[in-house]
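For reference, the structure is listed below as structure tokens.
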Amino acid sequence: MTVEMKLALTGEDVRSYSESNREPEWLAAKRSEAYQLAETLQLPKPDKTKIHNWNFTEFPVHAVHDEPLTGLAELPQEARALIDIENQKNIYVQRNNTPAYLKLSDELKEQGVILTDIFTAAREHSDLVQKYFMDDAVKVDEHKLTALHAAFMNGGVFVYVPKGVEVKEPVQVLFLHEGEEVSLFNHAIIVAEENSALTYVENYLSLSKDSKGLANIISEVIAKDGAKITYGAVDVLAEGFTSYINRRGVAGRDATIEWALGLMNDCDTIYENVTHLVGDGSVSHSKSVLVGRGTQKQNVTAKTVHWGKGAEGFILQHGVMKDEASTIFNGIGKIEHGASKSDAVQESRVLMLSEKARGDANPILLIDEDDVTAGHAASVGRVDPLQLYYLMSRGISRVEAERLIVHGFLAPVVSQLPIEGVKKQLSEVIERKVR
Amino acid sequence: MSTLEIKGLHVEIEGKEILKGVDLTINTNEIHAVMGPNGTGKSTLASAIMGHPKYVVTAGTVTLDGEDVLEMEVDERAKAGLFLAMQYPSEISGVTNADFLRSAINSQREEGEEISLMKFIRELDSKMETLEMDQEMAQRYLNEGFSGGEKKRNEILQLMMLKPKFAILDEIDSGLDIDALKVVSKGVNEMRGENFGCLIITHYQRLLNYITPDHVHVMMQGRVVKSGGPELAQKLEAQGYDWIKEELGIEDETVGQEA
Ligand SMILES: Nc1ncnc2c1ncn2[C@@H]1O[C@H](COP(=O)(O)OP(=O)(O)O)[C@@H](O)[C@H]1O
Ligand SMILES: [Mg+2]
């Protein structure tokens, strides 16, 4: 069945938006092409979640203008709490669709590190951006949502670390959502050249309680040979959004990509986190935690695709389900022919806090090579009564004991986040969501 | 002085009667040992007193200074002054030993009267030193990946930090080598005093060389079949349990067999 969906913008709208950003010709052309594709391509088919009724195409406004910040102190308290204002050296803040604040240390600038909004990057580093923008990690024509994303991209960030440069202090990125009408088509490109290292931490934070918009977000994360990227994220998007969030990595020889993802949206969300372990000896750890509440529907796919020899891919997914929320967790290890001595391990666990919630944990191994090690574990269950008994036997109340167990269950990501303010925020969001 | 009194206690697990009328009275400033071969109901007694969810009390009473313990939730029993060092403590991932202990201590205090972080750390350091535990154990997740011996020490650490009126130690000696046994005993002996009573469950006399009991009881078939002083433990060590079985005409001492 082909469902024709009306797109919210015309091809002409897309062209003139691109012009208004003074985008290079290649990007304008790519958007036009993407727009055409978006009209005909199908939605993706996340395993076990039907999304044909979800609205991924219509939204109130494409791009809004906000005032840039003159300083971080202007941020509302909730956003400011994420940042160590005095000591955070490298930071990009985006308010809705407007690049609002940017700071990069002189030292990193001198070393050739780039941190800038995606539009400035497209103008000033056109060749570099062209090389990575939806060409290697994520392709425009994968499905309707990738095509729509390229056509409608209205924000994002570009981070580039040259060969051999180790960025010691984390790069922090804050995407703020303020206003019900706003939609986010953000694109992040993060490139670490050979033997470089980067820690990147992003936050999606809704300052509005509600939304009528779309979030169609893609990150492309490229770790060249010997590079190491640590990618932390905490998503807290408001109820009402329809979200598609795709974070994808490509790891070269002996490269490492570590993901720590706090998936705390209050809206329906399709999550994807795929890492292509292309180089021999490449490694990926993907850890994600999620809390579902209300009538939220989510689908979370984490996948490692092993191409290189001795590639190691580890997936951990922990979800807590409340109320009538429903989430499908797919943890997939795919070992391609030739990726001998690969190791693929998935762990998907769901803790149910309500009778009416639904949680599915599906670890999947797809192996086209004999000489590999692989393993998986999955569980869906309630809080262990013996754990409760043990904690309560020390005087801890039932409520507090449950709280400790739930926080412990979600700790694998909290403990991994490299920025104190973000770590604390994730704990607090968890606290608020599970209460 | 406080008193923990167990009277005519009958306990079932999954429909099977395990305890068939246990009577035992423990005062503070006393150390009691409950001995007996495997499968005679010792852990059942401990678990029923603490309120383990699987154990159902079908008859009898447990009171602490006259208060009905069996009416209390598990956490209330702890707040009333009971503590059980478990034979198989749970592992709780993501919760550090230190955070857990602080929650436990604060749960016994009024709001606004929480222990200060400084004081907590000082106490924790000193108790861990007594128990010869590595400082990093405080930051490890509760019992996760602990060796058998580490778990036992960790139970005693909790005992020392929480300072209950009555502690039940269920096979705190099993799997410990002599050095560890001495360390654990040192911890328990530090607790001894007017405000502390203890029930030590063991099937070896070994531990009682280091913690001298005031009273010794023998359990068989879900009952206390014999009580005496420390000399009873010595005799069991020297002669085993057979003479008691003969004396009482018991063929099989485990639960489920009738005399
Ligand atoms: N879950 C259970 N279901 C049925 N019987 C049990 C269960 N757990 C323990 N038992 C039985 O209860 C009896 C006493 O066990 P326990 O109190 O653990 O003995 P002890 O601590 O003295 O070794 C044993 O015969 C044991 O087989
Ligand atoms: Mg036992």
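The analysis underlying the following values was restricted to heavy atoms, covering all of them including side chains, and did not include hydrogens, waters or symmetry mates. Just so you know, these numbers come straight off a predicted model, no measurement behind them. Naming convention: chains lettered A, B, ... in sequence-line order (proteins, then strands); numbering from 1 in each chain.
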Inset, instruction - Find out whether the Lys NZ or Arg CZ of Arg394(A) is both under 6.0 angstrom from the six-membered ring centre of Phe100(B) and within 45° of the ring's axis. - result: no

Legend entry - Within 6.0 angstrom of Glu114(B) CD, more than 12 heavy atoms from elsewhere: yes

Inset, instruction - Using non-hydrogen atoms and a 4.5 Å limit, figure out which bit of Asp99(B) sits close to chain A: side chain, backbone, both or neither. - result: neither

Legend entry - Exceeds 12 heavy-atom contacts within 6.0 angstrom, atom CD of Gln77(A): yes

Inset, instruction - Decide if atom NZ of Lys433(A) counts as having more than 12 heavy atoms of other residues, nucleotides or ligands within a radius under 6.0 Å. - result: yes

Legend entry - Part of Leu142(B) lying under 4.5 Å from any heavy atom of chain A: side chain

Inset, instruction - State the CG-CD1 distance between Asn106(B) and Ile396(A), to the nearest 0.5 angstrom. - result: 9.5 Å

Legend entry - Residue pairs fulfilling side-chain hydrogen bond (donor to acceptor under 3.5 Å, both in side chains) with at least one residue in residues 122-139 of chain B, sequence neighbours excluded: Glu123(B)-Lys163(B)

Legend entry - Glu431(A): partners by salt bridge (Lys or Arg N to Asp or Glu O under 4.0 Å), with sequence neighbours left out: Arg403(A)

Legend entry - Pair listing, ring-ring contact (aromatic ring centres under 6.0 Å, His included) test, anchored in residues 402-430 of chain A, at least two apart: His318(A)-Phe409(A)

Inset, instruction - Select one option (side chain, backbone, both, neither) describing which atoms of Leu162(B) are under 4.5 Å from chain A's heavy atoms. - result: side chain

Inset, instruction - Report, by ascending residue number, the residues of residues 382-392 of chain A in heavy-atom contact with chain B at a distance under 4.5 Å; give 'none' if the set is empty. - result: Pro385(A), Leu386(A), Gln387(A), Tyr389(A), Tyr390(A), Leu391(A), Met392(A)

Inset, instruction - Count the heavy-atom pairs under 4.5 Å between each of His52(B), Lys54(B), Glu76(B), Met50(B) and chain A, then report the option with the highest count. - result: His52(B)

Legend entry - Where Gly395(A) and Ala78(B) come nearest, the two heavy atoms and their spacing: N-CB, 3.2 Å

Legend entry - Heavy-atom check, side chain of Leu84(B) versus side chain of Ser393(A), under 4.5 Å: no

